[in-house]
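Report on the structure given below.
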Amino acid sequence: MPAPLRRRAALCLLAAQPLALPLSWPFAAQAAPESVALDEISVAGEGRGNGSGGAPPNGKKFGVAAPPGAAALPIEQPVGQIVTAVGREAIANRPATSIGSVLLDSPGVTVRQGNGGRDVVISIRGNNARSTGVTRNMVVLEDGFPVTQADGASRFDLVDPRAYSRIDVFRGPQSALFGNYATGGALAFRTRTGREINGYEYGIDVGSYGYLSNYFTVGGASGPFEVSLFASDVRGNGYQQHASYDTQTVNLLASYTPTPDNRFTLKVINNEIDANIPGRSSLRDFTLNPYQRRCDTADTAALGCAKFTLGGIPATAAQAGFRRNDRRTIVAGRWEHDIDAQTTWRVQVGFDERNYNQPFYTSSGRGSLPSYNVLTDLTRRGEFLGLPAIGYVALSYSAVDVTASTYNLTPFGGARLGSLVALQDAVQSNLGGRARLELELSPEWTAVTGISAENSTITGRNRSFSIDTLTGALVTTPSFADRRFLNVAPELALVYRPDPAWALRGRVATGYATPSFSSLFITSTGDPGNNTGLKTQENLGFDLGADWLPVEGLRLSLTGFYEFFRNEFVSQVPLSGRSSYTFNAPASEHRGIELAATYAFAPGWNGVLAYTFDDQVYTDYVEQLRSPSGTQLANRAGNRIPGVPDHQLLARVGYDVPAGPLAGLGGFAEVVAQGAYFADNANLLKIPGYAIVNLNVHYSALLPAGYAKRIDLYGEVRNVLDTVYVASANPVANDFGDTVADLAGRPSSIYAGAPRTFVAGMKLSF
């Protein structure tokens, strides 16, 4: 950790000293009162009641048939954390085609269209908004098992919203709780348990552009066993040309409780996706042809079609056959043992295999990334220094073994491979420990202190291949990586709740993210080579907020944040047809406000508001630009960081008939709005903001007789006004002397958002 961060974090480190000897806690062996958990607004739904502070109903944990007295994981009752829970109702009564539309219920979340199908790129507080495909700068868990691999990569192809009862969004630096990569926050998905399902369900959704989703859920509990199984088949033609996709998902959660103090949990996820990939366009082409229609070949292409030079020949995405064919398989298990009534020990292991075949844009990437993770932790409730407390310590290890190849792509259709460009083989691993103490200082005051320390290692090589223009011989150029990073992240939080109607909370925390193996082998020209000088990205964040229940039915939550980044990762494509490369911006600042509210203002009526103001600027960064005379330097201090909108809003008003013959009938109208943002470091090219309107109607009723017990019907019109807007814009690189017109013509940046679409569905419960 650099000296500036060490100085700013000194108070946190001092506060964390009681955790230095976690195995000799002076905890009295007696139960402590429940700590006050001050999460932000819980979007009402199954799996979490308002004001529960993160605890599931009746103290039960997700996916484990545990007795109420068992110690909960810290992420179940996150005292002092900045957390929003998105509940089942945000998923169940609408055709949730991707996780992106659901997560917008939380402030601080930005969603970008990904590469094919329901793939989305998610950022928290703008800390992944510049990503070109893979989600980074956050940790993703499902039922407590990691979904983020050891290189920091997360993808949301495997996430079908129908499978979940709740999603927790942790905002701000979270490395003290989640370790490496949690600079922006974390997502914790909660699969519906067997007890929640208690039977089986079949559903079908149909919609515009050939959208079809069939899904099936079965679950129940019998004696010591509890099982839930979800499976779905989703396909569509896509609203852009050459954007059809077909994806299947299986998600299993099972638990076995042979004795009251022993519990076993099994988690299995498998997803396969086969998707055609449309071409990303320039801003100029987007205005002419946003949905890339009539782009069969480069020779016959309409105005505004994105074209790519492959082997010296221009081609469109359809002509070259851009596509993705990926598979992801996760198998994990956990054993929990209650040592006594106040102490729980857990051991969990997981295997995660990611295979990808991605021939799109100018190259074709293929790879296999098997990864492994092990976690053991101890949670104890009791007393510390005579005060009620909950203590937690954990040791973790994760590793990914990478074998990857890159080929040039030819323009001849069928995603044919050209010459071999590069071969990579690397191992990336993380070994660390975490400790946390929640201390109830008085009935009104609760303090939290935590710390993590982690050693990360990247070893491997990249071999790039080229042809000698004079001799025609194959030239192999190797690059080697042997990097080790030691990172420490402290955290301190304080909450004050004088009465149940309102609370104040403050938090100072740190985060870190080490480079990924792939970023070490792409140079600033976008070519294979040595980029092994990348440093760890670190941030120090301050949060100050309040939760308030001013009147019955109204919940307000306001949080201000200010984060100081060092060596922030910034990725961009230097030239058309080149690969994205990553560099460190020495210093930057992220600051903003998050507002969340829910209001049941009349019988049957309800409103939801999630608003974020996010201002991110470079404070120390000098960029090297290409020029005819060589390179030029440009000082970017004070410039806005590309890709981060200044305003983000979701506002929803709904009505559900509370009683009478029409009970179960409801609907809502919502507005999703996003402010403009810059696409380049010089702040010349601005991507316009947008606002779209969605309308929903739904109906749910118990069936009085027959085989089925319940029916759910729903329909939705999205983007009612048929607004043309940008759903994703990759950052573009600056050259010396660039004009706005030059940048507007840079290709491979923009995906359009969906036009007006109709989706309707039905679910039967048995």
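Note: hydrogens, waters and symmetry copies are ignored here, and every other heavy atom, side chains too, is used. Not measured: the values here are computed from a predicted model.
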With respect to Arg155, which candidate in Asp119, Asp326, Asp352 satisfies the salt bridge (charged side-chain N to carboxylate O under 4.0 Å, His left out) definition?
->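 Testing Arg155 for a salt bridge (charged side-chain N to carboxylate O under 4.0 Å, His left out) against Asp119, Asp326, Asp352 leaves exactly one candidate, Asp119.
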When you check the gap from the basic side-chain N to the acidic O, do Asp482 and Arg484 get nearer than 4.0 Å?
->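 Salt bridge present between Asp482 and Arg484.
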Donor-acceptor side-chain pairing of [X] and [Y] below 3.5 angstrom:
{"X": "Asn180", "Y": "Asn430", "answer": "yes"}
{"X": "Gln537", "Y": "Asn137", "answer": "yes"}
{"X": "Thr217", "Y": "Lys763", "answer": "no"}
{"X": "Arg118", "Y": "Thr249", "answer": "yes"}
{"X": "Arg483", "Y": "Thr532", "answer": "no"}
{"X": "Asp425", "Y": "Thr403", "answer": "no"}
{"X": "Asn237", "Y": "Tyr245", "answer": "no"}
{"X": "Asn127", "Y": "Thr183", "answer": "no"}

Step through it carefully: locate the ring centre of [X], locate the ring centre of [Y], and say whether they are under 6.0 Å apart.
{"X": "Phe178", "Y": "Phe170", "result": "yes"}
{"X": "Tyr202", "Y": "Phe766", "result": "no"}
{"X": "Tyr361", "Y": "Phe308", "result": "yes"}

Check: [Y] and [X] side chains under 4.5 Å, non-hydrogen atoms:
{"X": "Tyr397", "Y": "Asn373", "result": "no"}
{"X": "Trp345", "Y": "Thr379", "result": "no"}
{"X": "Tyr256", "Y": "Pro258", "result": "yes"}
{"X": "Thr376", "Y": "Trp335", "result": "no"}
{"X": "Pro95", "Y": "Tyr211", "result": "no"}
{"X": "Ser519", "Y": "Leu534", "result": "yes"}
{"X": "Tyr372", "Y": "Ser398", "result": "no"}
{"X": "Ser728", "Y": "Arg280", "result": "yes"}

Test log, rule salt bridge (Lys or Arg N to Asp or Glu O under 4.0 Å), inputs Arg354 and Asp151 = CA-CA 12 Å; Arg354 176 162 55 103; Asp151 65 340; 3.4 Å; yes
Take Glu272 and Arg327 through the test salt bridge (Lys or Arg N to Asp or Glu O under 4.0 Å) and record every step on the way to the result.
-> CA-CA 4 Å; Glu272 295 192 27; Arg327 179 181 59 81; 5.1 Å; no
Stepwise side-chain hydrogen bond (donor to acceptor under 3.5 Å, both in side chains) test for Gln174 and Gln81 | CA-CA 9 Å; Gln174 296 284 349; Gln81 300 295 316; 3.0 Å; yes
